[in-house]
Amino acid sequence: CVVLCVCVYVRVCFRLRRRFGLLLKKFSLGQVPLCLAAAFPLLTTLSLFGNKIADARQLLALAEALQNLTEVFVGGNLCFPQVGDAVLRAQLLAVRPSLAWIDGRPIMPATASQQPP
């Protein structure tokens with residue numbers, strides 16, 4: 001996994017105004033590469049949009065492990081119809097309160113104070 005992460009990092013990692021991001025959009029990933037947290041601990045932006053991730057718990061575990069994460073794109077994965085957008089947003093905020101953006105939408109104060117069901 002680390003070799004994959006390094007190769008992907010070289011191709012798609014970017015740095016903008018002290019923000020580090022990794023774009024893994026539409027890679028057909030079936031599982032979340034949890035090694036990303038160890039390989040890129042400074043990530044602030046992560047896009048896993050449009051993959052085939054079926055287990056929302058994997059997304060939550062990665063969000064929890066990435067302590068600098070402020071923006072995440074996770075829509076378009078297989079877990080969305082099962083969990084629902086609002087529930088997954090609340091769960092993401094519960095494990096990573098520092099999130100300011102989820103799927104390109106800002107976190108509003110009312111949203112941030114909601115607890116997952």
Side-chain angles (χ1 to χ4, degrees):
C1 185
V2 173
V3 173
L4 167 70
C5 291
V6 171
C7 293
V8 170
Y9 176 77
V10 170
R11 288 184 25 219
V12 296
C13 196
F14 56 91
R15 181 176 183 213
L16 297 171
R17 288 181 259 136
R18 294 185 181 183
R19 293 176 49 192
F20 293 88
L22 184 60
L23 176 64
L24 296 175
K25 182 178 178 181
K26 297 185 179 179
F27 266 59
S28 296
L29 296 174
Q31 294 185 342
V32 174
L34 294 176
C35 65
L36 289 176
F40 310 113
L42 298 178
L43 277 181
T44 58
T45 303
L46 176 64
S47 178
L48 292 170
F49 184 87
N51 283 287
K52 297 178 181 177
I53 299 165
D55 189 352
R57 293 175 296 184
Q58 293 179 357
L59 294 172
L60 297 172
L62 183 59
E64 186 173 21
L66 291 168
Q67 296 192 5
N68 293 309
L69 197 64
T70 58
E71 183 175 17
V72 66
F73 296 87
V74 294
N77 281 288
L78 298 177
C79 61
F80 266 81
Q82 300 164 355
V83 177
D85 182 55
V87 172
L88 187 55
R89 286 175 65 86
Q91 290 175 339
L92 282 166
L93 284 170
V95 298
R96 182 56 45 220
S98 61
L99 284 172
W101 296 82
I102 298 176
D103 289 333
R105 294 183 299 182
I107 301 303
M108 301 299 176
T111 306
S113 65
Q114 292 177 351
Q115 294 295 320

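Quick note: numbers below take in every heavy atom, side chains included, and nothing from hydrogens, waters or symmetry partners.
Of all heavy-atom pairs between Trp101 and Ile107, the closest is N-CG1, 3.9 Å. In this structure, Val95 and Ala63 approach most closely via the heavy-atom pair CG2-CB, 4.1 Å. Here the shortest heavy-atom pairing between Ile53 and Gln58 reads CG2-OE1, 4.1 Å. Looking at every heavy atom in both residues, Phe80 comes nearest to Gly75 through CE1-CA, 3.4 Å. Residues Arg89 and Pro106 approach most closely at NH2-O, 3.7 Å, considering heavy atoms.
Of the possible donor and acceptor atoms, none in the side chain of Asn77 sits under 3.5 Å from a partner among the backbone N and O of Cys79. No donor-acceptor pair under 3.5 Å is formed between the side chain of Asn68 and the backbone N or O of Leu43. In this structure a side-chain-to-backbone donor-acceptor pair under 3.5 Å is missing from Thr44 to Thr70.
In the hydrophobic clustering of ILVMFWY residues, with side-chain heavy atoms under 4.5 Å counting as a link, Val87 and Leu99 come out together.
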Please evaluate residues Val74 and Asn51 with respect to the criterion side-chain contact (heavy atoms from CB on, under 4.5 Å), reporting the C-alpha separation (whole Å), side-chain torsions for both, the decisive distance (0.1 Å), and the verdict.
CA-CA 8 Å; Val74 294; Asn51 283 287; over 6 Å; no
Check the pair Val72, Leu62 against side-chain contact (heavy atoms from CB on, under 4.5 Å), reporting the backbone distance first and the verdict last.
CA-CA 11 Å; Val72 66; Leu62 183 59; over 6 Å; no
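Once rounded to the nearest 0.5 Å, the distance linking CG of Asp103 with CD of Glu71 reads 9.5 Å. Between atom CG of residue Leu48 and atom CZ of residue Phe73 there is a gap of 11.0 Å, rounded to the nearest 0.5 Å. Interatomic distance, Ile102 CD1 to Leu88 CG, rounded to the nearest 0.5 Å: 7.5 Å. Rounded to the nearest 0.5 Å, atoms CG (Leu59) and CD (Glu64) are 13.0 Å apart.
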